[in-house]
Amino acid sequence: MRISFLGGGNMASALIGGMLERGFAAADIQVVELQEDGRKRLAERFGVRAVGAVDDALLDCDVLVLAVKPQQMKAALAPLAGRLARQVVVSIAAGLRLADIGRWLGGYAGLVRVMPNTPALIGAGVSGLYADPSVDAAGRAAAERVLAAVGSTVWIADETQMDAVTAVSGSGPAYVFHFIEALEAAGASLGFDAATARKLAIDTVLGAAKLAAGSDEAPGVLRERVTSKGGTTEAALASMKASGFFDAIVTAVKAAEVRGRELGEQLGKD
């Protein structure tokens with residue numbers, strides 16, 4: 001399977017690195033990267049072909065990954081309009097809808113929209129994928145194989161839910177980092193030095209996430225098992241409930257979903 005990338009930034013680099021680790025051949029991967037230093041970095045780090053503009057060789061691929069910034073996508077796709085015939089086009093640009101991408105490509109429909117998240121940079125991401133109905137099983141499998149190189153994947157049945165994917169998992173790492181910040185600050189306020197407070201906060205979140213990931217039980221059940229009646233955890237959770245912690249998270253994620261829909265409308269304008 002031959003894969004081409006339009007854009008060679010952090011997420012593209014993560015995908016390329018992950019694919020190489022999983023047995024893809026560097027000779028089967030090529031990248032369009034406008035910056036000369038970026039092309040040099042990609043070629044030296046991964047041994048892939050890196051060029052400054054779209055050419056016929058780049059279009060000789062099975063999967064074309066669109067990895068440019070959403071605001072730059074329309075201009076970046078102009079050299080591709082009318083030149084695609086069989087490729088599965090995978091967009092990892094947040095917010096952009098397939099109808100807009102297809103229109104900018106001259107009516108091309110073989111598209112898959114993907115929302116990865118930043119833990120993909122260390123191979124621990126989760127990506128939501130939605131495919132245009134015209135994409136067959138082989139095309140879906142090819143797209144999933146690329147994204148599986150940096151973590152787990154989830155297929156979404158309705159493209160309108162991709163804004164919710166962005167709100168939950170795309171933006172989700174920021175929510176977790178914010179919680180770590182708060183837990184670290186609480187530790188510091190209780191007298192720990194900065195390094196100790198940070199280690200306690202990060203390792204607690206990491207361990208709890210691993211425990212939840214490895215358990216068949218719901219997070220609520222695991223929470224209850226830590227919460228002894230009349231104990232310290234119960235006191236903390238009661239304080240969180242009084243502060244509206246749970247509802248605040250749900251409301252925040254819904255706000256992110258609304259903003260995602262707004263950005264999709266804005267980004268898709270001609």
Side-chain angles (χ1 to χ4, degrees), residues 5-7 9-15 18-19 63-73 88-104 109-135 137 139-179 205 209 212-213 218-220 246-269:
F5 286 81
L6 190 63
N10 289 337
M11 193 59 71
S13 294
L15 287 166
M19 288 190 295
V63 177
L64 173 62
V65 181
L66 307 181
V68 299
K69 294 183 184 301
Q71 298 85 346
Q72 301 169 349
M73 185 67 75
V88 176
V89 178
V90 176
S91 171
I92 62 172
L96 282 179
R97 299 168 186 181
L98 294 190
D100 299 315
I101 293 172
R103 186 173 70 255
W104 295 336
L111 308 172
V112 178
R113 178 177 170 185
V114 179
M115 184 65 235
N117 62 4
T118 54
L121 299 176
I122 60 167
V126 58
S127 299
L129 299 90
Y130 169 79
D132 183 271
S134 66
V135 178
R140 287 166 62 100
E144 185 169 14
R145 188 179 172 200
V146 171
L147 272 298
V150 292
S152 61
T153 58
V154 177
W155 282 99
I156 306 302
D158 186 338
E159 188 181 4
T160 61
Q161 291 184 301
M162 288 299 290
D163 293 321
V165 172
T166 301
V168 174
S169 60
S171 299
Y175 315 151
V176 177
F177 298 148
H178 198 36
F179 179 76
V205 172
F246 190 95
D247 290 340
I249 298 298
V250 174
T251 300
V253 174
K254 289 182 177 179
E257 191 269 345
V258 170
R259 183 55 178 156
R261 283 189 277 116
E262 293 173 348
L263 288 172
E265 292 286 349
Q266 295 171 14
L267 292 168
K269 292 180 179 178

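Both backbone and side-chain heavy atoms feed into the values below; hydrogens, waters and symmetry mates do not.
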Of the non-hydrogen atoms in A94 and M115, which two are nearest, and what is the gap between them? CB-SD, 4.1 Å
Nearest atoms (heavy-atom pairs only) where T153 meets A148: CG2-N, 4.0 Å
For E144, all residues meeting salt bridge (Lys or Arg N to Asp or Glu O under 4.0 Å), sequence neighbours excluded: none
Rounded to the nearest 0.5 Å, the CE atom of M73 sits from the CG atom of L267 at a distance of 9.5 Å
Could you tell me which residues satisfy side chain to side chain contact (heavy atoms under 4.5 Å, CB included) with K69, sequence neighbours excluded, listed by chain and number? Q71, Q72
side-chain hydrogen bond (donor to acceptor under 3.5 Å, both in side chains) involving T160 - partner list, sequence neighbours excluded: D158
Measuring from atom CG of L15 to atom CG of N10, what distance do you get when rounded to the nearest 0.5 angstrom? 11.0 Å
Does some side-chain heavy atom of L147 sit less than 4.5 Å from a side-chain heavy atom of V90? yes
side-chain hydrogen bond (donor to acceptor under 3.5 Å, both in side chains) against D247, all qualifying residues, sequence neighbours excluded: none
Residue list, salt bridge (Lys or Arg N to Asp or Glu O under 4.0 Å) with R259, at least two apart or on another chain: E262
Taking only residues two or more places apart in sequence or in another chain, which ones pass side chain to side chain contact (heavy atoms under 4.5 Å, CB included) with A120? M11, V150
Sorted by chain and residue number, the side-chain hydrogen bond (donor to acceptor under 3.5 Å, both in side chains) partners of Q161 (sequence neighbours excluded) come out as none
Quick one: side chain to side chain contact (heavy atoms under 4.5 Å, CB included) partners of F179, sequence neighbours excluded? L183, V205, F245
For A67 and I92, which heavy atoms make the closest approach, and how far apart are they? CB-CD1, 3.7 Å
Say you draw a straight line from CD1 of I101 to OG of S91; how long is it, rounded to the nearest 0.5 Å? 3.5 Å
Could you pull out all residues at least two apart from E265 that satisfy side-chain hydrogen bond (donor to acceptor under 3.5 Å, both in side chains)? R97
Are the side chains of K254 and T251 in touch, meaning some heavy atoms are under 4.5 Å apart? no
Of all heavy-atom pairs linking N117 and P173, the shortest is ND2-CG, 4.0 Å
So which pairs with a foot in residues 169-179 pass side-chain hydrogen bond (donor to acceptor under 3.5 Å, both in side chains), sequence neighbours left out? H178-E181
Under a 4.5 Å cut-off applied to non-hydrogen side-chain atoms, are R140 and V112 in contact? no
Considering only heavy atoms from C-beta outward, does the side chain of V68 approach that of L66 to under 4.5 Å? no
Please tabulate, for side-chain N and O atoms in residues 126-134, each donor-acceptor pair with protein atoms closer than 3.5 Å (sequence neighbours left out).
unit_1: D132; atom_1: OD1; unit_2: S134; atom_2: N; d: 2.9
unit_1: D132; atom_1: OD1; unit_2: S134; atom_2: OG; d: 2.6
unit_1: S134; atom_1: OG; unit_2: A109; atom_2: O; d: 3.1

Provide the full list of salt bridge (charged side-chain N to carboxylate O under 4.0 Å, His left out) pairs with a residue in residues 111-122, sequence neighbours left out, each pair given once. R113-E159, R113-D163
